[in-house]
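Chain naming here is simple, since letters A, B, ... match the order of the sequence lines and numbering starts at 1 in each. Keep in mind that the numbers below use all heavy atoms, side chains included, and drop hydrogens, waters and symmetry copies. All values reported here derive from a predicted model rather than from experimental measurement.
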2 protein chains.
Amino acid sequence: MPKRSKISMSVIRRLPRYYRFLNQLDQDGVTRISSTELSARLGLTASQIRQDLNCFGGFGQQGYGYMVHQLAGEIGHILGVEHRYRTVIFGAGNIGHAIAAQMDFGELGFQLIGIFDNDPQKIGTVLHGIEVMDLVWFQDFYKKYVPEMAALCIPRSAIEETVSFLYGLGIRNYWNFSHYDISMKYPDAVVENVHLNDSLLTLCYEISHHDKAKKPVALLKHEK
Amino acid sequence: MPKRSKISMSVIRRLPRYYRFLNQLDQDGVTRISSTELSARLGLTASQIRQDLNCFGGFGQQGYGYMVHQLAGEIGHILGVEHRYRTVIFGAGNIGHAIAAQMDFGELGFQLIGIFDNDPQKIGTVLHGIEVMDLVWFQDFYKKYVPEMAALCIPRSAIEETVSFLYGLGIRNYWNFSHYDISMKYPDAVVENVHLNDSLLTLCYEISHHDKAKKPVALLKHEK
DNA sequence: TAGATTGTTAATCGATTAACAATC
DNA sequence: TAGATTGTTAATCGATTAACAATC
């Protein structure tokens with residue numbers, strides 16, 4: 001049924017939002033929804049939603065709409081949430097800590113199987129039930145458990161060396177929180193970047209260029 | 001000189017990367033660079049880089065290229081890094097903790113002036129030199145310091161109420177880590193979302209649909 | 001001046017929106 | 001059957017790439 005040729009990144013990045021939204025509706029007991037209703041709630045066009053879904057198959061019913069529970073399931077399957085890719089976090093600093101504790105890896109297609117760091121202060125501490133291991137053990141760990149994805153939460157200074165090491169062992173999938181462009185050096189790697197600095201700068205731009213008239217008057221005196 | 005009409009989001013989201021890259025080059029002592037050289041290093045086309053920059057002005061010199069230090073400065077100015085928008089973090093959990101400790105707000109156009117939470121366990125603790133304050137004090141705090149941006153790191157259950165409260169006080173700029181679509185309810189708000197779940201699901205999709213032939217053989221036996 | 005590289009216009013490509021026939 | 005809403009094709013819009021004249 002899937003007519004998958006080459007799905008554009010624009011479409012792919014909308015899928016998690018559909019998924020999140022449909023699951024919410026499902027939990028709220030909504031059984032059926034039309035593309036028009038969905039579009040109103042998501043701030044998109046109905047046309048776009050139907051186009052997006054039809055990249056993967058015809059999940060709706062003419063004259064009726066989409067079954068919420070079923071569609072959520074289909075999208076989850078498209079995303080691959082059932083996979084449980086074995087995942088290791090590198091870097092037990094603040095960000096590593098946060099994602100270890102906070103992410104529901106199991107519901108999002110992954111399974112956290114280890115956390116590594118090279119800081120003696122952090123090694124041996126326990127994050128969210130998992131003991132932080134010494135990076136020097138990782139080669140053995142890799143052979144034994146063959147992790148498939150690395151979440152990179154390490155400082156700028158260590159990132160290049162670490163990626164080179166991990167890539168050398170065979171890891172090709174990266175969730176990258178460090179400011180380093182993995183794809184430039186390793187074109188066959190699958191990389192999802194979370195660059196918080198870039199995100200904050202984007203917000204800074206948006207605030208700076210937003211219609212000044214809407215700013216609270218009190219702030220104007222601080223401006224040149 | 002700026003010919004700013006309406007800059008597309010695609011362009012804006014590339015600016016922080018240019019900025020980061022040029023600063024790096026500047027630190028490395030590179031004084032001059034051509035769009036072709038930049039494009040090779042960033043994995044873009046020279047044409048696109050010149051188009052992007054010319055949205056804001058002509059920063060180069062024909063036959064010569066761009067001055068690295070000057071261009072970095074120009075882009076920083078376009079982004080608004082000198083602003084120091086007064087910022088408050090809501091939620092002193094893992095993510096709030098991480099961004100308080102890790103982000104160089106001052107270099108990115110912001111200034112962290114407070115952290116609030118409603119959990120008695122967290123109130124009074126100190127994150128990165130700032131004491132976590134009780135959310136009930138925020139109204140007074142707002143009157144006194146007029147924060148301009150709110151970083152939202154609070155659980156799903158509390159986000160709706162919190163945003164309603166903050167918006168009511170007059171805050172219009174949000175860096176949103178919570179799974180809640182602020183812009184749907186408050187169309188005039190300036191929102192930058194960091195949805196880590198969505199990011200991870202996108203990665204899951206990418207891994208799942210990446211050429212299977214490249215997977216290590218050892219993994220195939222785990223697949224159905 | 002000749003060579004290089006920008007700034008900018010034109011051409012292409014891709015993504016979104018509109019329209020409507022198919023069909024539940 | 002009539003009404004509704006999808007799936008899909010066509011039209012539009014926007015973003016990227018190519019080309020080249022301007023000029024340092």
Side-chain angles (χ1 to χ4, degrees), chain A residues 1-18 22 25 30-75 78 183 202 205, chain B residues 1-18 22 25 30-75 78 183 202 205:
Chain A
M1 207 148 295
K3 42 184 95 169
R4 211 174 292 144
S5 51
K6 188 65 180 75
I7 312 297
S8 83
M9 208 53 195
S10 322
V11 174
I12 296 165
R13 290 206 176 277
R14 280 191 292 269
L15 295 180
R17 189 146 171 261
Y18 294 156
L22 288 163
L25 285 176
V30 180
T31 55
R32 181 203 150 260
I33 197 160
S34 70
S35 58
T36 307
E37 210 178 323
L38 243 187
S39 72
R41 300 223 204 184
L42 289 168
L44 304 170
T45 65
S47 222
Q48 182 165 64
I49 291 175
R50 293 204 301 277
Q51 283 279 29
D52 285 355
L53 297 178
N54 281 93
C55 290
F56 303 98
F59 304 125
Q61 202 169 306
Q62 274 135 328
Y64 185 79
Y66 300 88
M67 301 299 292
V68 170
H69 183 78
Q70 184 219 326
L71 185 56
E74 296 279 9
I75 295 178
I78 291 163
S183 299
T202 303
Y205 177 95
Chain B
M1 208 146 297
K3 44 185 91 168
R4 209 174 293 143
S5 52
K6 189 64 179 72
I7 311 297
S8 83
M9 209 53 196
S10 322
V11 174
I12 296 165
R13 289 206 177 277
R14 279 191 293 269
L15 295 179
R17 189 146 170 262
Y18 294 157
L22 288 163
L25 286 175
V30 181
T31 57
R32 180 202 150 259
I33 196 161
S34 70
S35 58
T36 307
E37 210 179 321
L38 245 187
S39 72
R41 301 224 203 183
L42 289 167
L44 304 169
T45 65
S47 220
Q48 182 165 62
I49 291 175
R50 293 204 302 276
Q51 282 280 30
D52 285 355
L53 297 177
N54 281 93
C55 291
F56 303 98
F59 303 126
Q61 202 169 305
Q62 273 135 329
Y64 185 78
Y66 300 87
M67 301 300 292
V68 171
H69 183 78
Q70 184 220 325
L71 185 57
E74 295 280 8
I75 296 178
I78 291 163
S183 299
T202 303
Y205 177 95

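Considering only the side chain of Arg14(B), dT16(D) comes nearest among dG7(C), dT17(D), dT16(D). Taking every side-chain heavy atom of Gln51(B) into account, dA10(C) is the closest of dT17(C), dC24(D), dA10(C). With dT17(C), dG7(C), dA18(D) as the candidates, the nucleotide lying closest to the side chain of Arg50(B) is dG7(C). The side chain of Asn54(B) sits closest to dG7(C) out of dT6(D), dT16(C), dG7(C).
Remark: Leu53(B) CG to Tyr66(B) OH distance equals 5.0 Å, nearest 0.5 Å. Atoms CD and OG, on Glu37(A) and Ser34(A) in that order, are 5.0 Å from each other to the nearest 0.5 Å. To the nearest 0.5 angstrom, Ser35(B) atom OG is 11.0 Å from Asp52(B) atom CG.
What separates CD1 of Ile49(B) from P of dG7(C) is a distance of 12 Å, to the nearest Å. Rounded to whole Å, the distance from CZ on Phe59(B) to P on dG7(C) is 9 Å. One atom, CE of Met9(B), and another, C1' of dT16(C), lie 18 Å apart when rounded to the nearest Å. Going from atom CD of Gln48(A) over to atom C1' of dT8(D) covers 16 Å, rounded to whole Å. Here the P atom of nucleotide dA15(C) and the CG atom of Leu44(A) are 16 Å apart, to the nearest Å. In this structure, Ile12(A) atom CD1 and dA15(C) atom P are separated by 10 Å, rounded to whole Å. Met67(B) places its CE atom 13 Å from the P atom of dT6(C), with the value rounded to the nearest Å. Protein atom CG of Leu53(B) is 14 Å distant from nucleotide atom P of dT16(D), rounded to whole Å.
Tyr18(B) approaches Gln48(B) most closely through the heavy-atom pair OH-O, 4.4 Å.
Between Gly65(B) and Asp52(A), it is Gly65(B) whose nearest contact on DNA chain C lies nearer the 5' terminus. Each of Ser47(A) and Tyr66(B) was matched to the nucleotide of DNA chain C holding its nearest heavy atom; the match closer to the 5' end belongs to Tyr66(B).
Under the Watson-Crick and G-U wobble criteria, each requiring two contacts below 3.5 Å, nucleotide dT5(D) is paired to dA22(C). Searching all strands for a Watson-Crick or G-U wobble partner of dT17(D) with both distances below 3.5 Å returns dA10(C).
Among the atoms of the strands shown, only primed sugar atoms or phosphate atoms (P, OP1, OP2) are found under 4.0 Å from some heavy atom of Ser35(B).
No N or O donor and acceptor, one from the side chain of Gln62(B) and one from the base of dT5(C), sit under 3.5 Å apart.
The side chain of Gln61(B) places no N or O atom within less than 4.0 Å of a non-bridging phosphate oxygen (OP1 or OP2) of dT6(C).
Within the 4.5 Å cutoff, side-chain heavy atoms of Ile7(A) are placed close to those of Phe56(A).
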